[in-house]
Amino acid sequence: MSHNADSPPFDAKDEGHVTAASSATIADGVDEEVVEANRRVFTGWQFLLFATLAILYSGFHLFSLNVYPIETWSFRIIHIAGALILGYGLFAGARFAEAGTHASPAWLKALGFALLIPAAYTLVQVFLMQQTLAGGAMRIDPGVENWHFGYPLMATTAVAIVLSWGFRLERDRFNPADLVLMVCALASAGYLLLMYNSPMRASTGTSFAPIGISWAAIAGSLLILELTRRVAGLALVVISAVFLVYVFAGPYLPGFLGYPGLSVQRFFSQVYTDAGILGPTTAVSSTYIILFIIFAAFLQASKVGDYFVNFAFAAAGRARGGPAKVSIFASGLMGMINGTSAGNVVSTGSLTIPLMKKVGYPARSAGAIEAAASTGGQIMPPIMGAGAFIMAEVTGIPYTEIAIAAIIPAVLYFASIYFMVDFEAARKGMRGMRKDEIPRFSRLVKQVYLFAPIIILIAALFMGYSVIRAGTLATASAAVVSWISPNKMGPKAILKALQLAGTMSIQIIAVCACAGLIVGVISLTGVGARFSSLLLGLAGVSQLLALVFAMLISILLGMGMPTTAAYAVAASVVAPGLINIGIQPLVAHFFVFYFAVVSAITPPVALASYAAAGISGDNPMGTSVASFKIGLAAFIVPFMFFYSPAMLMEGSALQILRVGVTATLGIVLLSGMVQKWFFGPVNGAARVVMLVGAIFLIYGGIYTDALGLAIAAALFLMQRRQRANTPSTSASS
């Protein structure tokens with residue numbers, strides 16, 4: 001998960017996770033639950049209450065998805081409402097008070113409790129309106145909806161949000177303002193469930209829509225925005241606010257930004273439907289994403305993360321610059337579980353960054369390598385983070401096709417980081433880890449069955465099972481496999497996994513709902529279509545120029561935003577424009593997906609790099625620049641999708657093989673150019689030649705491949721001759 005950019009995103013783990021390697025493990029605690037800086041830690045009855053709510057929330061999704069499906073809109077409304085209620089219970093709106101400091105003033109607490117009266121009143125009104133409709137009424141009196149539901153709900157929600165910012169309590173204390181927000185979330189969702197399960201649903205977006213829908217949607221949108229601020233920072237909230245302002249300011253704007261306009265009632269009566277908040281982003285978060293979060297929680301509970309990291313140490317720890325290479329492998333494996341850049345950084349980086357520094361990497365390089373590797377976890381098949389599921393939902397392309405198409409880009413990305421690390425280690429003469437410093441492979445291989453849930457997931461997907469069935473089967477297998485491992489999952493551990501899943505899901509659900517709000521603005525105002533026409537005009541001048549413009553917009557939209565939201569917005573704004581200029585849908589969506597992912601390491605706002613800098617102790621901006629350099633290939637490869645679709649498995653087997661091999665060689669040359677090392681030091685004109693050769697090889701054409709191979713061979717022979725003539729040259733520059 002990515003976290004609030006305004007505060008330390010996680011309670012960073014220390015080097016206590018590095019244990020004596022002689023005991024056959026080096027990672028211990030990778031799977032421990034990480035507590036965000038603003039998350040409450042309850043004890044006693046409060047812990048039991050919220051743990052039960054989280055378990056029920058996860059269990060509701062498993063039951064609804066596999067046993068007893070409920071009506072789609074109702075399911076999504078409950079899905080968002082549950083996350084809001086849990087989120088306001090667990091995440092505070094302001095920093096916690098330090099022990100011994102003064103508590104918040106008594107009047108603030110009294111005002112919070114006073115707000116419970118109008119909040120409870122609106123909830124009661126929902127039940128009364130339901131009885132009115134059940135009694136045969138065709139619609140509710142607008143006066144009742146305004147004065148007895150809408151106005152009090154709106155005012156209470158707004159005041160409680162502002163009030164919640166003033167509470168500075170200790171970490172295990174709850175405040176009444178957040179309780180008010182939980183009740184408001186219940187009232188808003190209750191009204192929407194009531195109206196969307198009546199004939200009045202058909203009136204949304206028209207002048208006949210009940211005014212109460214607009215009030216419930218406004219309150220619901222405010223609640224989503226505030227929870228997003230708490231769990232993901234201000235960036236996404238600010239972008240959402242800009243889009244919302246555009247709805248009402250758009251008619252007064254010049255040029256292609258202008259549009260006829262929408263009234264407040266008409267817009268909000270439609271935005272809380274499948275045209276916006278209940279649309280593709282929530283469709284995915286309420287099905288695939290929550291299911292794979294539950295899967296990740298089960299793997300976490302069975303300590304598979306520790307095993308993955310230990311396995312990576314055993315496989316790569318002894319190579320030169322060993323901990324950095326371990327970071328690449330471990331982040332790829334962990335990325336298949338959680339698919340989030342900042343979450344990956346903290347879970348694996350708290351272990352690998354101190355070890356990288358120990359073998360000679362500067363703090364900046366150590367943090368940058370971990371940030372770049374963790375970001376790549378989101379493009380690693382088969383799970384690929386949440387964005388791939390949204391891509392499948394938006395494009396209608398089967399998820400298995402997307403996973404297959406992602407193989408070569410993922411290989412190129414991780415190959416790039418691997419060779420960047422390897423060449424830096426060679427240039428600086430770094431050592432690997434000693435045999436006694438890493439786990440014994442012979443012992444770890446006996447527990448290779450812990451990979452079974454991942455293998456079962458992949459097999460089920462390619463055998464034709466739905467994503468939901470495959471995910472459920474993999475989750476069940478994680479529990480079964482644990483029974484033959486040292487960390488058996490009994491009933492208590494299963495409940496703990498469900499509780500962990502409920503807690504972990506809050507952030508991604510809030511982010512997806514907030515992204516749905518932006519998507520709603522784009523679809524209801526038509527700004528996406530006007531942006532497409534702008535791209536079409538640019539493509540008339542140069543398709544490359546249109547692609548560069550699309551790249552910049554995708555990165556700009558993704559700055560400071562979690563990948564899921566960044567891709568969802570870019571897929572609505574940028575991808576349709578690329579499709580209109582003649583690019584295949586799969587290529588267009590992969591293009592924006594890639595740049596949404598790498599926005600996590602793109603300065604000036606790079607969430608993954610900031611999280612890594614927090615662990616390494618280096619400057620966040622310096623780390624983000626260094627991670628941008630290490631992930632440089634990720635900024636070139638998407639352009640190659642357009643020029644060589646074989647990179648996405650589009651074409652004959654021979655084409656795909658040729659493009660895959662030559663592009664990998666191109667990545668090696670690119671890495672050598674950046675790190676000033678090939679088979680020895682590279683400087684001056686040779687680096688320029690390497691860059692040209694790299695671009696020729698990555699481009700994917702037959703003639704450019706031949707030229708690139710010729711350049712690579714010439715460089716190799718030149719370096720070999722140079723080494724033969726200067727045998728005393730040190731390995732370090």
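This is a predicted model, so every value here is computed, not measured.
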When you measure from the side chain of [X] to the backbone N and O of [Y], does any donor-acceptor pair fall under 3.5 Å?
| X | Y | result |
| --- | --- | --- |
| Thr281 | Ile277 | no |
| Arg171 | Arg39 | yes |
| Ser188 | Cys184 | no |
| Ser572 | Val519 | no |
| Ser286 | Arg76 | no |

Quiz item: Ion pair present between Glu71 and Arg201, side-chain N to carboxylate O less than 4.0 angstrom?
Solution: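 Answer for the salt bridge query: yes.
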Would you check if there is a donor-acceptor pair between the side chains of [Y] and [X] at a distance under 3.5 Å?
| X | Y | value |
| --- | --- | --- |
| Asp172 | Thr43 | no |
| His79 | Ser285 | yes |
| Ser74 | Asn197 | yes |
| Arg230 | Ser164 | yes |
| Trp147 | Gln125 | no |

Self-check item: Arg530 atom CZ, neighbour heavy-atom count above 12 within 6.0 Å
Solution: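 Yes, the 6.0 Å shell around CZ holds more than 12 heavy atoms from other groups.
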Review item, side-chain donor-acceptor pairs of residues 208-223, under 3.5 Å, at least two apart:
residue, atom, partner, partner atom, Å
Ser214, OG, Gln265, O, 2.9
Trp215, NE1, Asn146, OD1, 2.7
Ser221, OG, Ala217, O, 2.8

Minimum heavy-atom separation for [X] to [Y], with atom names?
| X | Y | answer |
| --- | --- | --- |
| Ala301 | Ala497 | CB-CB, 3.9 Å |
| Pro251 | Gly261 | CG-CA, 3.4 Å |
| Ser269 | Gly205 | OG-N, 3.1 Å |

Practice problem: Measure the acute angle between the ring planes of Phe267 and Phe248, then classify it against the limits of 30° and 60° as parallel, tilted or perpendicular. | Solution: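 Judged by the thresholds at 30° and 60°, the geometry between Phe267 and Phe248 is perpendicular.
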Practice problem: Classify the ring geometry between Trp73 and Tyr196 as parallel (under 30°), tilted (30 to 60°) or perpendicular (over 60°). | Solution: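 Perpendicular, since the angle between the ring planes exceeds 60°.
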Exercise. Rounded to the nearest 0.5 Å, what's the gap from OG1 on Thr282 to CZ on Phe75? Could you check?
Key: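 So the OG1 of Thr282 and the CZ of Phe75 are separated by 11.0 Å.
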Exercise. Measure the CG-OG1 distance between Leu62 and Thr472 for me, rounded to the nearest 0.5 Å.
Key: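 Leu62 CG to Thr472 OG1: 6.5 Å, rounded to 0.5 Å.
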Quiz item: Under the criterion side chain to side chain contact (heavy atoms under 4.5 Å, CB included), which of Val237, Leu84, Val511 is the partner of Ile224?
Solution: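 Testing Ile224 for a side chain to side chain contact (heavy atoms under 4.5 Å, CB included) against Val237, Leu84, Val511 leaves exactly one candidate, Leu84.
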Just so I know, are the side chains of [X] and [Y] near enough to count as touching, which here means a heavy-atom distance under 4.5 Å?
| X | Y | answer |
| --- | --- | --- |
| Phe91 | Arg229 | no |
| Leu133 | Leu194 | yes |
| Phe167 | Pro176 | yes |

Tell me which donor-acceptor pairs under 3.5 Å the side chains of residues 387-398 have, and how far apart each pair is, sequence neighbours excluded?
residue, atom, partner, partner atom, Å
Thr395, OG1, Met391, O, 2.6
Thr395, OG1, Ile397, N, 3.1

